[in-house]
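Each remark here refers to the structure printed beneath this line.
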Amino acid sequence: MVDVFKFKNFTPIRSDWLIGKGEMAESIRHFDWSRTALGPRDEWPSALRFAVNAMLATHFPSIVLWGPQLCLLYNDPFHKIAADKHPILQPGMPAKFAWPEYWDFLGPTYDRVMQNQESVFLEDQLFSKKLQDGSFEDAWFTASHSPIYSENGQIAGIQVNLVETTERKRIMNRLHESESSLKEAQRLAHIGNWVLDLRTNIVKWSDEIHRLLEIPQEKWKSSYDVREAARIYTAMVHPDDRDRVLQERNATLVPSHPSEKSQHYEIEYRLMMRDGRIKFILAKRETDFNQNGDAIRTIGTAQDITERKALEAELRAAIEVRDEFMSVASHELKTPLTALSMQLQLLNRIALLRDADQKIVSLGKAAFLSSQSLASLLDELLDVTRIRVGKLTLDKREMDLRCAAIEAVNQFQEEAKEKGSTITVTTAPIVRGDWDPSRINQVLLNLISNAIKYGEGKPIEVALFIDHRSGNASLRVKDYGIGISTEMQTKIFERFQRAISSDKVTGLGLGLYIARQIVEAHGGSIRVESEPGMGSLFIVELPLHR
C-alpha cells in the first residue's frame with residue numbers, strides 16, 4: 001500500500017463538500033481514498049478541496065497533482081487527452097507512474113513548480129499520444145502549471161490547465177510547408193511576387209524578386225517605402241520600355257468604372273542589369289479598390305522570361321529558314337513537275353490517237369494523275385507557308401459562284417463515278433460577289449474531293465443560294481459517308497488533321513485548314529455538321545461584297 005501523506009493542523013470538512021457532476025466527479029465522490037496517499041476524502045485539506053472543485057468546474061482539460069508524490073486527479077475534459085490511459089489512470093495515482101514515458105520531461109517541470117515556487121507556462125509542447133485503437137499520433141499542448149498553497153502557506157500541489165493546440169499547430173506546419181513550397185516553386189519558375197499597401201505606402205517582395213533584380217544581399221530589405229522601391233525598380237527598366245511600363249502601372253491605379261473592384265494588367269518589358277545584360281520580364285499586376293474607388297492594395301508578380309525569349313528567337317529564326325526553304329523548294333519543284341505533267345498529258349493524247357495498247361494508256365493516265373496529286377501537295381505546302389507569314393493574298397474580282405461550283409463538280413464527275421457516287425447541284429440562277437476566283441475554286445475542289453473521299457460511294461449534294469437575311473452566299477456540300485466525331489469537328493480545320501487515321505486516306509491534312517484560311521480572309525466562315533455513320537454537311541458563308 002502506498003504510504004499515506006497527511007497534513008498537520010488541517011480543518012475537518014463535511015463529506016458533501018464535493019460539487020459538480022460527470023464521470024470524474026462521481027468517481028471522486030465514491031472512490032475509496034483511504035487506500036491512497038491522499039487519505040479519506042473527508043480529511044482532505046481545504047486547499048485540496050478548493051483545487052478539486054475548481055478543476056471539476058472548468059471546461060478546460062485540467063489536473064491536480066497533490067502532495068510529495070504528486071497524486072493525480074483530473075476532470076472529464078481531460079479524458080480526450082488521456083486517450084488510452086483513461087480509465088486506466090487510477091485516482092490518486094502518483095504522476096510518475098501515470099506518465100513514466102514522459103517523466104524525463106515532466107519531472108523537472110513539476111520540480112520547478114514545487115521547489116522553486118514558480119508558475120511554468122509551456123507552449124506547443126509535442127507529445128506522442130497513444131489512441132484507443134493502439135495507434136500513435138503527434139499532439140501538441142499548451143499547459144499552465146500553477147502552485148497550490150496549503151493552509152500554512154507551503155506549496156502542496158500543482159494545478160495544471162491544458163489546451164490542445166494540435167490542429168492549430170498542424171495548420172501552422174502546413175502553412176510553413178506551403179510557404180516553403182511556394183518559395184521553391186518561385187525559385188524554379190523564376191517568378192517573384194510583391195504586395196503594395198497603398199494605405200501605408202509599404203511594398204513587400206519575395207526572395208525571388210531579390211534574385212531577379214540581383215540586388216546585393218547586404219542592401220536587401222524585405223520591405224521598402226514605395227517611393228524607394230519605385231526608384232530602384234524604375235531605374236532598372238530599359239529606357240525604351242520605361243514610359244510604357246509607367247503608363248500601364250498608372251492605369252491600374254484608377255478604376256475604369258465606379259463599380260469596378262479591381263484592375264489588372266500584363267506586360268512584357270526589359271530590365272538592364274549592372275553588367276549590361278538584358279533581362280526580359282513578364283509582369284502581372286492587380287489593384288483592389290474600396291467602395292469609394294480609391295486604390296488600397298496592389299499585388300503583382302514578375303517572371304524572368306529571358307531564356308524563353310531566347311528560345312523564341314531561335315525558333316523564329318529556324319521557322320523562317322524552314323519557310324524560305326519550303327517556298328524555294330516548292331517553286332523549284334513545280335517547274336520540272338509542270339513540265340512532266342504536260343509531257344505525260346501529251347503522251348496520253350498521242351497514245352489515244354494512235355490506238356495504243358490499253359495498258360499503256362492506263363499507265364499514262366495514272367502517271368498523269370500522280371503528277372497532278374504531287375502538284376496539289378506542293379501547292380498546299382506553299383499555301384501553308386504563305387499563311388504563316390501573312391502572305392496569303394487575294395485577287396478579288398466580281399465572279400459568279402454558280403458557274404465556279406458547276407465547273408468544279410464537272411471536274412470530279414468521272415472520279416465520283418468510279419467511286420460509285422453521283423453529284424447533284426442545286427443552285428440559284430446567279431450568285432455573284434467579289435471574291436478571288438482562284439482561291440474560291442480551291443475551297444470548292446477541296447470540299448467536293450473530301451466528299452468523294454469520305455462518302456463511301458453514296459450520293460453527294462452541292463447546294464448554292466443567297467441568304468437574304470445575312471446577305472451572304474451560302475455554299476453547302478453534303479455527303480452520306482462515314483461522318484465525323486464530335487471531338488474532331490473543330491480539329492479538322494487545323495493543320496495536319498484528318499477525320500480518320502492517315503493509313504486509310506492520302507494527303508497531308510492541310511486542305512480544310514487552307515480552306516478555312518481562304519474563307520476567313522474573305523470575311524466568311526466555314527463549319528461542319530456531322531454524326532458518325534450519317535455523313536457530313538460542310539457549310540461555307542461568304543459575304544457578297546467587302
Side-chain angles (χ1 to χ4, degrees), residues 326 330 372-373 375-397 399 401-409 411-412 415-416 423 425 427 431 433-455 460-465 467 470 472-479 481-485 488-500 502 505-530 535-544 546:
M326 288 180 63
S330 297
Q372 291 295 97
S373 296
S376 177
L377 292 177
L378 287 174
D379 286 337
E380 286 184 349
L381 287 174
L382 189 57
D383 278 341
V384 169
T385 302
R386 289 172 179 147
I387 290 167
R388 206 204 66 78
V389 298
K391 293 183 178 179
L392 181 66
T393 57
L394 299 179
D395 182 15
K396 285 187 179 183
R397 65 187 75 169
M399 62 172 287
L401 189 57
R402 172 183 174 276
C403 294
I406 293 172
E407 183 179 343
V409 168
Q411 290 185 48
F412 282 102
E415 182 180 343
I423 308 176
V425 182
T427 177
V431 184
D434 293 329
W435 305 300
D436 183 327
S438 173
R439 293 300 184 183
I440 294 299
N441 188 57
Q442 273 185 265
V443 175
L444 287 164
L445 295 177
N446 181 271
L447 295 180
I448 297 171
S449 174
N450 281 348
I452 296 172
K453 186 184 298 183
Y454 299 108
I460 298 168
E461 301 167 358
V462 178
L464 181 62
F465 58 90
D467 186 343
S470 64
N472 292 335
S474 184
L475 168 68
R476 304 188 174 210
V477 179
K478 169 70 176 175
D479 69 73
I482 62 175
I484 304 169
S485 63
M488 285 299 300
Q489 288 180 24
T490 54
K491 292 183 178 180
I492 58 173
F493 294 104
E494 299 174 2
R495 289 180 293 179
F496 310 112
Q497 295 289 339
R498 301 180 180 88
I500 61 175
S502 59
V505 295
T506 58
L508 298 174
L510 292 172
L512 288 175
Y513 167 74
I514 295 171
R516 178 170 69 90
Q517 299 296 324
I518 292 172
V519 170
E520 290 180 353
H522 281 85
S525 64
I526 182 172
R527 69 183 191 275
V528 64
E529 297 176 358
S530 181
S536 303
L537 171 63
F538 283 86
I539 302 171
V540 176
E541 301 285 343
L542 289 170
L544 297 176
R546 189 179 181 184

Please round to the nearest 0.5 Å and tell me the distance separating atom CD of Q442 and atom OG of S449.
12.5 Å
If you define the side chain from C-beta out and look only at heavy atoms, does anything of I440 sit under 4.5 Å from L401?
yes
Which atom names give the shortest non-hydrogen contact between W435 and P543, and what distance separates them?
NE1-O, 2.9 Å
Flag the pair I514 / N446 as yes when at least one side-chain heavy-atom distance between them is below 4.5 Å, and no otherwise.
no
Drop me the distance from I460's CD1 to I423's CD1, to the nearest 0.5 angstrom.
5.0 Å
About how many Å separate CG of D434 and CG of L544, when rounded to the nearest 0.5 Å?
8.5 Å
Taking salt bridge (charged side-chain N to carboxylate O under 4.0 Å, His left out) as the test, write out the residues that go with R516, two or more places apart.
E520
Can you find a heavy atom in the side chain of L447 that is under 4.5 Å from one in the side chain of I526?
yes
Closest non-hydrogen atom pair between A521 and L394, with its separation:
O-CD1, 3.6 Å
D436 and D395 have their tightest heavy-atom pair at OD2-N, 2.7 Å
So, using side chain to side chain donor-acceptor pair (under 3.5 Å) as the criterion, who are the partners of Q489 when residues are at least two apart?
none
I492 CD1 to S485 OG distance, which is reported to the nearest 0.5 Å:
9.0 Å
A side-chain contact here means heavy atoms from C-beta on lying under 4.5 Å apart; do I484 and Y454 qualify?
no
Full working for side chain to side chain contact (heavy atoms under 4.5 Å, CB included) between F538 and L512:
CA-CA 10 Å; F538 283 86; L512 288 175; 4.0 Å; yes
Testing the basics here: between S536 and G483, what is the closest heavy-atom pair and its distance to 0.1 Å?
OG-CA, 3.6 Å
Taking H522 for its side chain and K396 for its backbone only, find out whether a donor-acceptor pair lies under 3.5 Å.
no
Non-neighbouring partners of A408 that pass side chain to side chain contact (heavy atoms under 4.5 Å, CB included), sequence neighbours left out
N441, L444, L445, I448
How close do M399 and P437 get, heavy atom to heavy atom, and via which atoms?
SD-CA, 3.5 Å
Could you work out, with salt bridge (charged side-chain N to carboxylate O under 4.0 Å, His left out) as the rule, every residue matching E529, not counting sequence neighbours?
R527
So how far is it from Q517 CD to R439 CZ, rounded to the nearest 0.5 Å?
11.0 Å
Applying side chain to side chain donor-acceptor pair (under 3.5 Å), name anything that partners S474, two or more places apart in sequence or on another chain.
R476, E541
Restricting to non-hydrogen atoms, name the atom on I452 and the atom on A416 that form the minimum distance, rounded to 0.1 Å.
CD1-CB, 3.9 Å
Residues that D479 engages under side chain to side chain donor-acceptor pair (under 3.5 Å), provided they are two or more places apart:
none
With a 4.5 Å cut-off on side-chain heavy atoms, are F465 and L475 touching?
no
